[in-house]
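Each remark here refers to the structure printed beneath this line.
Since this is a predicted model, take the numbers as computed values, not measurements. All ligand and atom numbering here is 1-based and tracks the order in the structure.
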Amino acid sequence: PPISGRSVVVKEKEAIPKGSTGAKETISTDPPRGTRDFPPEDMRMRTWLFDNFREVSRLCAFEEVDFPVLESEELYTRKAGEEIVGQLYNFEDKGGRKVTLRPELTPSLARLVLQKGRAQSYPLKWFAIGQCWRYERMTRGRRREHYQWNMDIIGVPGVEAEAELLSAIVMFFTRLGITSKDVGIKVSNRKVLQAVLEKYGIQPDSFAAVCVIVDKLEKLKREEIVSELDKVGVPAEAIEGILQALTLQSFDDLEALLGADSGAVTELKQLFALAEGYGFQDWLHFDASVVRGLAYYTGTVFEGFAKNSQLRAICGGGRYDRLLSTYGGEDTPACGFGFGDAVIVELLKDKKLLPQFPHMVDDIVIALDDSLKVPAAGVAARLRNAGRVVELVIEKGRKMKWVFKQCDALKAKRLILLGTTEWEQGKVSVKDLSVREQTLKTVDELIAVS
Ligand SMILES: CC(=O)Nc1cnc2ccccc2c1
């Protein structure tokens with residue numbers, strides 16, 4: 001028998017062999033492991049979130065782009081030991097192609113930029129909202145998919161691009177009622193680490209791997225970090241220098257370590273100065289320990305975090321000036337960020353900033369007599385064409401008690417009843433539910449006050 005409390009879809013067995021019990025097989029109604037459905041109320045919340053992503057992108061004059069959720073695996077075969085690459089939701093398709101559900105959006109964006117080549121004029125300011133996937137042993141019960149909002153600027157070498165991206169992030173938080181007391185954005189620059197590695201004569205080709213390892217500082221024990229760094233060829237004495245550099249607290253400290261002409265310091269100072277211009281300097285916090293876990297970042301890196309909270313990073317991004325050339329393109333400056341759909345919702349719940357998303361209509365139209373259901377459809381159509389959200393009662397035999405319950409549930413503003421007597425006079429009966437008053441109107445008058 002079906003599991004109680006859960007709606008199940010029963011599939012009639014084709015031919016039930018003679019004498020069998022005729023038990024119907026039931027399929028699970030759950031979505032695949034680590035994935036979510038979006039029933040109406042959840043979908044309304046998601047739509048609200050994505051509408052805010054889109055509105056901020058639009059206000060910043062970014063253009064929306066999209067790509068297939070399925071990509072060639074070669075886009076992600078980076079050798080820096082990233083978790084995201086170790087968890088590709090990949091497979092070989094029926095044509096023998098190595099493909100994968102995308103774990104992030106940036107490589108697809110880079111691919112599209114290269115595909116378009118110099119046919120388009122830089123800078124490009126593109127944004128996308130897309131579902132990203134990972135295949136994780138469900139031991140940790142984490143999700144295998146989430147939606148990401150990405151904004152990227154292609155073709156701008158200066159930190160003006162990062163400032164634009166950060167201003168978009170701050171605008172998004174602000175729209176949702178989050179302030180710089182709730183959230184901060186840690187900013188650093190991978191050139192700090194690059195300079196330290198050069199000082200110890202460490203090969204540039206282990207730079208990405210070192211960043212990926214160092215990004216795990218807060219998650220792994222120190223000796224694990226040391227042994228992982230050792231494996232990628234970082235000698236013990238260098239490790240001290242690296243860990244030291246990541247604890248620097250100010251630009252002065254940085255200058256003392258790297259010299260006044262260091263690129264990292266110059267860029268960071270410029271970025272913080274631009275932030276003053278936009279007015280979001282209060283949101284920024286220099287933090288040398290921020291490296292981010294993606295291999296392809298080359299300069300500025302940043303991540304949004306909730307203050308006084310254990311929540312994981314809300315969003316993150318940085319400059320990736322080499323990615324397009326690793327795909328065979330010309331050296332093209334680029335920077336961008338990813339903003340997931342999960343942590344932000346946790347934060348909004350914690351801050352009591354998540355609105356309610358009731359299913360609401362403007363008008364409910366009902367024929368009080370079966371003979372009026374055709375004109376009732378006409379009234380509903382005319383109201384909808386005038387821009388009203390209309391629930392036309394199409395089920396038979398609904399009692400008024402049920403109708404009034406519907407009015408409350410759908411928070412209807414008006415209840416429009418077609419009765420035979422009134423309709424003969426060309427009128428419908430309108431209950432204005434906001435002021436609890438009932439009047440008689442022609443349909444034209446009905447539309448007019450819409
Ligand atoms: C908090 C959360 O859901 N994170 C998450 C969930 N799914 C992913 C899928 C791909 C890449 C990163 C992912 C990250």
Side-chain angles (χ1 to χ4, degrees), residues 30-39 42-43 45-46 49-50 53 66-78 80-91 98-111 127-152 169 172-173 176 178 183 186 208 211-212 215-216 218-219 290-297 301-306 309-318 320 323 336-351 353-354:
D30 292 328
R33 300 188 74 149
T35 69
R36 298 163 289 173
D37 294 314
F38 287 89
D42 296 348
M43 194 62 204
M45 191 266 286
R46 179 179 129 182
L49 191 69
F50 289 15
F53 288 156
D66 195 12
F67 334 94
V69 75
L70 183 73
E71 285 279 9
S72 165
E73 197 181 272
E74 66 182 352
L75 253 61
Y76 314 99
T77 47
R78 308 185 291 252
E82 295 152 282
E83 187 179 75
I84 203 169
V85 172
Q87 296 176 341
L88 288 179
Y89 212 125
N90 61 339
F91 56 98
K98 289 186 175 303
V99 291
T100 183
L101 297 180
R102 64 190 173 201
E104 55 169 330
L105 298 176
T106 305
S108 302
L109 184 134
R111 177 179 60 70
F127 83 94
I129 303 173
Q131 192 173 36
C132 297
W133 294 80
R134 67 185 172 194
Y135 190 88
E136 219 183 23
R137 299 273 162 246
M138 283 314 273
T139 45
R140 298 207 286 186
R142 292 205 301 176
R143 295 208 330 241
R144 285 186 173 160
E145 54 76 28
H146 75 158
Y147 283 84
Q148 261 195 30
W149 168 42
N150 276 221
M151 292 182 89
D152 292 82
I169 291 172
F172 176 79
F173 283 129
L176 271 51
I178 292 163
V183 162
K186 295 174 187 168
C211 291
V212 171
D215 177 60
K216 296 184 271 188
E218 285 168 10
K219 287 161 240 165
V290 172
V291 281
R292 297 301 292 166
L294 291 171
Y296 47 69
Y297 290 134
V301 281
F302 52 84
E303 68 188 29
F305 70 99
S309 150
Q310 299 307 314
L311 285 174
R312 295 174 306 289
I314 305 163
C315 58
Y320 53 95
L323 185 63
F337 69 78
F339 198 125
D341 69 344
V343 181
I344 182 65
V345 170
E346 294 308 308
L347 175 68
L348 290 167
K349 281 177 186 166
D350 292 350
K351 302 286 178 185
L353 287 170
L354 197 59

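Short contacts between ligand 1 and Cys132, defined as distances under 4.0 Å to a heavy atom of the residue, involve ligand atoms 9 (C), 10 (C). Taking every non-hydrogen atom of Pro103 and a distance limit under 4.0 Å, the qualifying atoms of ligand 1 come out as 10 (C), 11 (C).
Between Phe339 and Phe337, the ring planes lie perpendicular to each other; the angle is over 60°, past the 30° to 60° tilted range. Classification of the Phe38-Tyr147 ring pair by plane angle, with boundaries at 30° and 60°, yields perpendicular.
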- Message: Walk me through whether Asn90 and Tyr135 qualify under side chain to side chain donor-acceptor pair (under 3.5 Å).
- Response: CA-CA 8 Å; Asn90 61 339; Tyr135 190 88; over 6 Å; no
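Not a single heavy atom of Gly340 sits under 4.0 Å from any atom of ligand 1.
Among protein heavy atoms, the minimum distance from atom 2 (C) of ligand 1 is reached at Ala342 CB, 4.0 Å. The nearest protein atom to atom 12 (C) of ligand 1, hydrogens excluded, is given as His146 NE2, 3.5 Å; this is a heavy-atom distance.
In this structure the side chain of Leu348 reaches within 4.5 angstrom of the side chain of Ile178, judged on heavy atoms.
Evaluated for a side-chain hydrogen bond (donor to acceptor under 3.5 Å, both in side chains) with Gln87, the options Arg134, Arg144, Glu136 yield exactly one hit, Glu136.
Of all the listed residues (Gln131, Arg134, Arg312), Arg134 holds the heavy atom that lies closest to atom 5 (C) of ligand 1.
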